[in-house]
There are 2 protein chains.
Amino acid sequence: MLKFDEEKILKSINGALAMRPKIEAVADELYDRGFDAIFYMGIGGTYASGIMVVDSVEGKSKLPIYVMQAARYIAHGNAHVTDKSVVVIASDSGTTAEMIEAVEKAKKAGALIVGFVEFVDSPLAKLSDRLISYPHNEQLKLFMFAHRLMYRNGEFKDYERFYKELDAHLADAFVDTSKRADAFALAFAEKHKDDSLHYYVSAGNHFGANYSYAMCYVEEQHWIRSKSIHASEFFHGTLEVIDRDTNVTVFVGEDEERPLAERVARFLPRVCARYTIIDTKDYPLKGISPEFRGLISYLVCHAVTERIDAHIEKLNCHPMDIRRYYRRLDY
Amino acid sequence: MLKFDEEKILKSINGALAMRPKIEAVADELYDRGFDAIFYMGIGGTYASGIMVVDSVEGKSKLPIYVMQAARYIAHGNAHVTDKSVVVIASDSGTTAEMIEAVEKAKKAGALIVGFVEFVDSPLAKLSDRLISYPHNEQLKLFMFAHRLMYRNGEFKDYERFYKELDAHLADAFVDTSKRADAFALAFAEKHKDDSLHYYVSAGNHFGANYSYAMCYVEEQHWIRSKSIHASEFFHGTLEVIDRDTNVTVFVGEDEERPLAERVARFLPRVCARYTIIDTKDYPLKGISPEFRGLISYLVCHAVTERIDAHIEKLNCHPMDIRRYYRRLDY
């Protein structure tokens, strides 16, 4: 299978899950100590991951967990960030300029920084008051932290059972999903590799992932124009520009907001002939209980889009690691 | 001037400002009584207005003011909405289906509803525990409520002076801006009326307005494809799809996030030949003190885009009140 290293994927996911004792220790310490707010702070893809966490937990958790965009925080500040606040960041490189400045500002306000940063010698790792170092799997790590806090707050009674299932089955389920999706992904890539514009619609924990996919993958890495829209907003404007030939993909997940995405999926066939529905229910996720599927369905879509990416990259002869401007020009 | 009724605009804005004693009475009552959170709840354009308020006040205010999307709230809930919460809504028609259901749900959770609803006999007006009825000027009314709360919380010491200036000068400044913008707006409309896609970039209190403009005007009313991007996110993906012929407009406002929009405005000329900068500083706003301009600069952009809309509507022979699907189909 193209650009697919099964052993590496299994090891990567299982390694991230194995960080749980360390993540729990930090979450427990901070929960016991108390906080007035927890801000998931990011920019671009990491901001999107923060959106995913907050969108996902706010339905059930009374914990004051918010998302904050780093460049906005630098320019505008946030009066809710205090010396009792926790700021959670994630970064592989640990060098993103806006993140460094924003973290320094949050520290000046007295906030404690929890860093999920791969490189321990990087600026962002050094600025972190608590550091958890493990590469990739950003969303999984960020969710583990939030879920532990919810568990401690009495809002996630199945926490242990959920994570035991992930420990035992998630990596295999992800690899299995990738394999099952590959033929579809090739067909999708062949159909959409030359799109002048592609709309991505989603809800729930898929929305942040979708926002990130459209912006950080489709735009940034394939140089294909794209727009992400929350399914809850689709019927309040965007629907009017959808016609027979519009490229639209709906990610239908399995969390509480599934009905919002389903509504768009039901509507599209009436007005559009180039839509695609990616429904996580089509993938078995062996070993994951039905009641937990919604919590990880964003990973199913990630497995599918990763396969699409591999094929588009090859078909378009456009290596995903080239950039026109990012880190090529000063701005 | 095309589709421009000066007297009507002056009367509309001054009438909204004249609602201030009523808005203050509600804000004061609720401030004195106390609340655990205030949610600006909306969908589509009204959600965007909530984003504007929250993005604008969170930099200075410690008040727990948040934004909530109505359809997401219906599907997913929000554990922070309690019987001590206030939910603020805005609607002209008072009949938006998702809003009615969401308000009913919030009321079941015990929240108090503050409604800015034009038609007093509409369902949303009847569901409002406190009702302020006045047509249009949604953002102005929503900001008046938040600003009064900030004033009571010791976070807006110039409140009286600011609103006295608005009472005396805002309507005239808006009309003057419209007139000054009209020639530019016609040229912009001629250049961009056939765009296959147009990017709108902004920051600060312009972002919600920009999100709403791209979705509820350009997409919904002109049927032109568009994408709004926050200037703080532009350099983390979207920049890579900008080339010589890409249509990009940057709204540069005057609040704390001006530097974010300026950064994009500085970058674009290096890679793009079809960009437009709409800088609110180019408009005099007679009678408004320099320190207050940022608080209302979103209205300057609104005046400018309203002129653009009038010309695109005429040039494209596409009346802005027709819809393909919205309220034409059941979905």
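Lettering follows sequence order; numbering is per chain, from 1.
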Residue among [options] with most heavy-atom pairs under 4.5 Å to chain B:
options                : value
A:T246, A:D255, A:V264 : A:T246
A:S232, A:S196, A:P259 : A:S232
A:Y73, A:Y199, A:Y217  : A:Y199
A:R263, A:E155, A:H76  : A:H76

Checking [X] against chain A: side chain, backbone, both or neither under 4.5 Å from a heavy atom?
X      : answer
B:L197 : side chain
B:R270 : side chain
B:T96  : side chain
B:I74  : neither
B:T238 : both
B:L239 : both
B:V271 : both
B:F267 : side chain
B:Y211 : side chain
B:H222 : neither
B:Q69  : side chain
B:Q221 : neither
B:D330 : backbone

Look at [options] and state which one has the largest set of heavy-atom pairs under 4.5 Å with chain A.
options                       : answer
B:A70, B:S61, B:G77           : B:S61
B:R258, B:M215, B:H230        : B:M215
B:A75, B:G45, B:A79           : B:A79
B:Y325, B:F234, B:F235, B:Y47 : B:Y325
B:G44, B:G59, B:S56           : B:G59
B:V57, B:V81, B:D243, B:T82   : B:D243

Quiz item: Is atom CZ of A:R327 surrounded by more than 12 heavy atoms (other residues, nucleotides or ligands) closer than 6.0 Å?
Solution: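 Yes - once you tally the heavy atoms of other residues, nucleotides and ligands closer than 6.0 Å, there are more than 12.
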Quiz item: Are there more than 12 heavy atoms of other residues, nucleotides or ligands under 6.0 Å from atom CZ of A:F156?
Solution: yes
Quiz prompt | B:A231 versus B:V201, closest heavy-atom pair with distance | solution = CA-CG1, 3.7 Å
Exercise. Mind running side chain to side chain contact (heavy atoms under 4.5 Å, CB included) on B:L63 and B:M150 for me, showing each step along the way?
Key: CA-CA 7 Å; B:L63 290 167; B:M150 286 177 69; 4.3 Å; yes
Practice problem: Flag the pair A:L295 / A:F143 as yes when at least one side-chain heavy-atom distance between them is below 4.5 Å, and no otherwise. | Solution: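 Counting from C-beta outward, A:L295 and A:F143 never come under 4.5 Å.
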Exercise. Compare all side-chain heavy atoms of A:Y331 with those of A:Y326 and state whether any distance is below 4.5 angstrom.
Key: yes
Quiz item: Which value, rounded to the nearest 0.5 Å, describes the distance between A:N205 atom CG and A:I51 atom CD1?
Solution: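 These two atoms lie 12.5 Å from each other.
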Self-check item: From A:E262 atom CD to A:I277 atom CD1, the distance as rounded to the nearest 0.5 Å
Solution: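 So the CD of A:E262 and the CD1 of A:I277 are separated by 10.0 Å.
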Self-check item: Worked verdict on B:F39 versus B:S85 for side chain to side chain contact (heavy atoms under 4.5 Å, CB included)
Solution: CA-CA 8 Å; B:F39 295 94; B:S85 303; 4.0 Å; yes
Practice problem: Kindly indicate, with the supporting measurements, whether the criterion side chain to side chain contact (heavy atoms under 4.5 Å, CB included) is fulfilled by A:E220 and B:E240. | Solution: CA-CA 5 Å; A:E220 182 170 339; B:E240 295 291 336; 3.9 Å; yes
Practice problem: Classify the ring geometry between B:F251 and B:Y213 as parallel (under 30°), tilted (30 to 60°) or perpendicular (over 60°). | Solution: perpendicular
Self-check item: Side chains of B:E98 and A:H236, donor plus acceptor under 3.5 Å
Solution: yes
Self-check item: salt bridge (charged side-chain N to carboxylate O under 4.0 Å, His left out) pairs, two or more places apart, involving residues 48-60 of chain B
Solution: A:R72-B:D55, A:R72-B:E58, B:K60-B:E256
Quiz prompt | chain B contact via A:Y66 - side chain, backbone, both or neither, heavy atoms under 4.5 Å | solution = side chain
Exercise. Could you check A:T249, A:D195, A:V218 and say which one makes a side-chain contact (heavy atoms from CB on, under 4.5 Å) with A:S226?
Key: A:V218
